[in-house]
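Here is the structure we will look at, set down as structure tokens.
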Amino acid sequence: MKSLETMARYKKELTECARNLKLPFLAEHLDEILHEAQEKQQTYSEFLSTCLMRELRDKERRSYLTRLKFAGLPARYDLDLYDFSRTEGIDQRQMRELRELVWIRRTYNLLLVGDSGTGKTFIASGLIHEAVKAGYKAYLLTLEELLVCLKTKEISRPPMKTYKRIMKAQLLAIDDVTLFPLKGEDVLLLFKLVNCVQGKTSLIIAASRDLTGWLEMAGDEVCAAALLDRLLYCCEIIRLSGKSYRMENRKTIFSNQQIGTAPQKGLMKVKKRTKESGYC
């Protein structure tokens, strides 16, 4: 039987080799793995397999956490919690097909159209999370964030880093589209991006209304038509309708105020009193 000094020397050499080979899990948990091997009386091949498999699982875990960190997801993104009874436009079978992610491998796009609160961001975020879990590089950002990135990437390092991640993504979700009018230069920037990633990146577009009229407002009809042509070429369009989740589940400061009622009537009364008071 080898002396304790010899075993300690081998363990030190193994730890150094693991660090030099960039195997952090093995270097940190070597004592635990060796103890387990002794208890189970593993063969050399079993011990080596255990070391490599546990390092590989840890590498996959760290890679997942890194992708999840940069994905830009909001607080809620679990599609298991999606309430199909609240909105119309997508059923459980269609959601299952989307979650299988075959459309990403085929580089199809997804256009989610619906009023505020109908679940566009939730679905987009959930699909981004599903893609991250499956090993894809996927990101969610608003149209405003995307345009700022495209306009400032040449003069600032953070936007350039974001741009490089976008260009390497297999799935990119753009939220809050059509919320504000575009300029001609904005349409051109979007066209260049979509044209560049077409065929290698799937896009999720979350919009509150149809894209055609919104893009036409920018004034560059030729560029707008070319952008729509590329977005809609291989694209599934899902139109969501229903009551706003936020309005049905709105929160209040006072505990005795009823929650979940639509505030439209109250807002109309406030507007009426304001008008009568001369503040409009």
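Values below: all heavy atoms of this structure, side chains included; hydrogens, waters and symmetry mates excluded.
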- request: Take atom NZ of Lys164 as the centre, draw a 6.0 Å sphere, and report whether it contains more than 12 heavy atoms from other residues, nucleotides or ligands.
  value: no
field: Distance, nearest 0.5 Å, that separates CD of Glu46 from CE of Met53
entry: 13.5 Å
message: If hydrophobic clusters are built from ILVMFWY residues whose side chains come within less than 4.5 Å, do Val148 and Leu190 share one?
response: no
message: Would the distance check show the side chain of Lys11 and the main-chain N or O of Leu30 forming a donor-acceptor pair, the cut-off being under 3.5 Å?
response: no
- prompt: Is a salt bridge present between Glu60 and Arg57, judged by a nitrogen-to-oxygen distance below 4.0 Å?
  reply: no
- request: Please assess Arg105 against Tyr136 for the test side-chain contact (heavy atoms from CB on, under 4.5 Å), listing each intermediate value before the final yes or no.
  value: CA-CA 10 Å; Arg105 293 194 289 274; Tyr136 291 103; 3.0 Å; yes
field: Gln38 (side chain) donor-acceptor with His35 (main chain) under 3.5 angstrom
entry: no
- request: Measure the CG-CG distance between Leu146 and Asp175 for me, rounded to the nearest 0.5 Å.
  value: 11.5 Å
- prompt: Should Ile174 and Glu145 be marked as a side-chain contact (heavy atoms from CB on, under 4.5 Å) after you check the CA-CA gap, both sets of side-chain angles, and the distance that decides it?
  reply: CA-CA 9 Å; Ile174 307 174; Glu145 291 169 338; over 6 Å; no
statement: salt bridge (Lys or Arg N to Asp or Glu O under 4.0 Å) filter on Arg62, not counting sequence neighbours, yields Glu55, Asp58
All N/O donor-acceptor pairs, side-chain side in residues 199-211, below 3.5 Å, sequence neighbours left out:
{"unit_1": "Thr201", "atom_1": "OG1", "unit_2": "Ala169", "atom_2": "O", "d": "2.7"}
{"unit_1": "Ser202", "atom_1": "OG", "unit_2": "Tyr108", "atom_2": "N", "d": "3.4"}
{"unit_1": "Ser202", "atom_1": "OG", "unit_2": "Tyr108", "atom_2": "O", "d": "2.8"}
{"unit_1": "Ser208", "atom_1": "OG", "unit_2": "Thr178", "atom_2": "OG1", "d": "2.8"}
{"unit_1": "Asp210", "atom_1": "OD1", "unit_2": "Arg239", "atom_2": "NH1", "d": "2.8"}
{"unit_1": "Asp210", "atom_1": "OD1", "unit_2": "Arg239", "atom_2": "NH2", "d": "3.4"}

- request: Inspect the contact between Glu13 and Arg9 and indicate whether a charged nitrogen and a carboxylate oxygen are less than 4.0 angstrom apart.
  value: yes
message: Using modelled atom types and a 3.5 Å cut-off, is there a donor and acceptor pairing between side-chain atoms of Asn109 and backbone atoms of Leu231?
response: yes
message: Taking CD in Glu28 as the centre, count heavy atoms belonging to other residues, nucleotides or ligands within less than 6.0 Å. Is the count above 12?
response: no
message: Taking CD in Gln94 as the centre, count heavy atoms belonging to other residues, nucleotides or ligands within less than 6.0 Å. Is the count above 12?
response: yes
message: Between Leu143 and Phe180, is the side-chain contact (heavy atoms from CB on, under 4.5 Å) condition met? List the steps.
response: CA-CA 9 Å; Leu143 178 62; Phe180 56 89; 4.3 Å; yes
message: Taking ring-ring contact (aromatic ring centres under 6.0 Å, His included) as the cut-off, I'd like each qualifying pair that reaches into residues 76-101, sequence neighbours left out, listed once.
response: Tyr77-His129, Tyr82-Phe84
- prompt: Atom CG in Leu127, atom CG in Leu101: separation rounded to 0.5 Å?
  reply: 7.5 Å
task: Answer yes or no: is there a donor N or O on one side and an acceptor on the other, between the side chain of Ser63 and the main chain of Lys59, under 3.5 Å?
output: no
message: For Arg96 and Glu100: C-alpha separation, side-chain torsions, deciding distance, then whether salt bridge (charged side-chain N to carboxylate O under 4.0 Å, His left out) applies.
response: CA-CA 6 Å; Arg96 284 196 302 270; Glu100 289 172 359; over 6 Å; no
field: Side-chain donor/acceptor of Asn195 to backbone N/O of Phe191, under 3.5 Å
entry: no
- prompt: Taking Glu236 for the side chain and Leu110 for the main chain, is one N or O donor matched with an acceptor at less than 3.5 Å?
  reply: no
More than 12 heavy atoms of other groups within 6.0 Å of Glu97 CD: yes
- prompt: Is the backbone N or O of Ala138 less than 3.5 Å from a side-chain atom of Arg67, with the two atoms forming a donor-acceptor pair by type?
  reply: no
task: Treating Ile, Leu, Val, Met, Phe, Trp and Tyr as nodes and any side-chain heavy-atom pair under 4.5 angstrom as an edge, say whether Ile90 and Leu81 lie in one connected cluster.
output: yes
Ser49 side-chain N/O to Ser45 backbone N/O, donor-acceptor pair under 3.5 Å: no
- request: With Cys51 as reference, evaluate Leu23, Leu56, Leu34, Leu26 under the side chain to side chain contact (heavy atoms under 4.5 Å, CB included) test and give the passing residue.
  value: Leu26
- request: For side-chain contact (heavy atoms from CB on, under 4.5 Å), just list the numbers for Val132 and Tyr64, CA-CA rounded to whole Å, side-chain angles, deciding distance to a tenth of an Å, and then say yes or no.
  value: CA-CA 7 Å; Val132 168; Tyr64 162 73; 3.7 Å; yes
task: Check whether Ile128 and Leu141 end up in the same hydrophobic cluster, where Ile, Leu, Val, Met, Phe, Trp and Tyr are linked by side-chain heavy atoms less than 4.5 Å apart.
output: no
query: Is there a chain of hydrophobic side chains (I, L, V, M, F, W, Y, each step under 4.5 Å between heavy atoms) that links Leu172 to Met167?
result: yes
message: Side-chain heavy atoms nearer than 4.5 Å, only ILVMFWY residues, links allowed to pass through others: does that put Leu171 and Val177 together?
response: no
query: Got more than 12 heavy atoms from elsewhere within 6.0 Å of CD, Gln41?
result: no
task: Any chance you could measure Leu240, atom CG, to Arg86, atom CZ, to the nearest 0.5 Å?
output: 9.0 Å
message: In the structure I gave you, are the side-chain heavy atoms of Thr87 and Lys120 within less than 4.5 Å of one another anywhere?
response: no
query: How many angstroms lie between OG1 in Thr50 and CD in Glu36, if you round to the nearest 0.5 Å?
result: 6.0 Å
message: Can you confirm whether Lys192 is buried at NZ, in the sense that more than 12 heavy atoms of other residues, nucleotides or ligands lie under 6.0 Å from that atom?
response: no
query: More than 12 non-hydrogen atoms from neighbouring residues, nucleotides or ligands closer than 6.0 Å to CD on Glu88, yes or no?
result: no
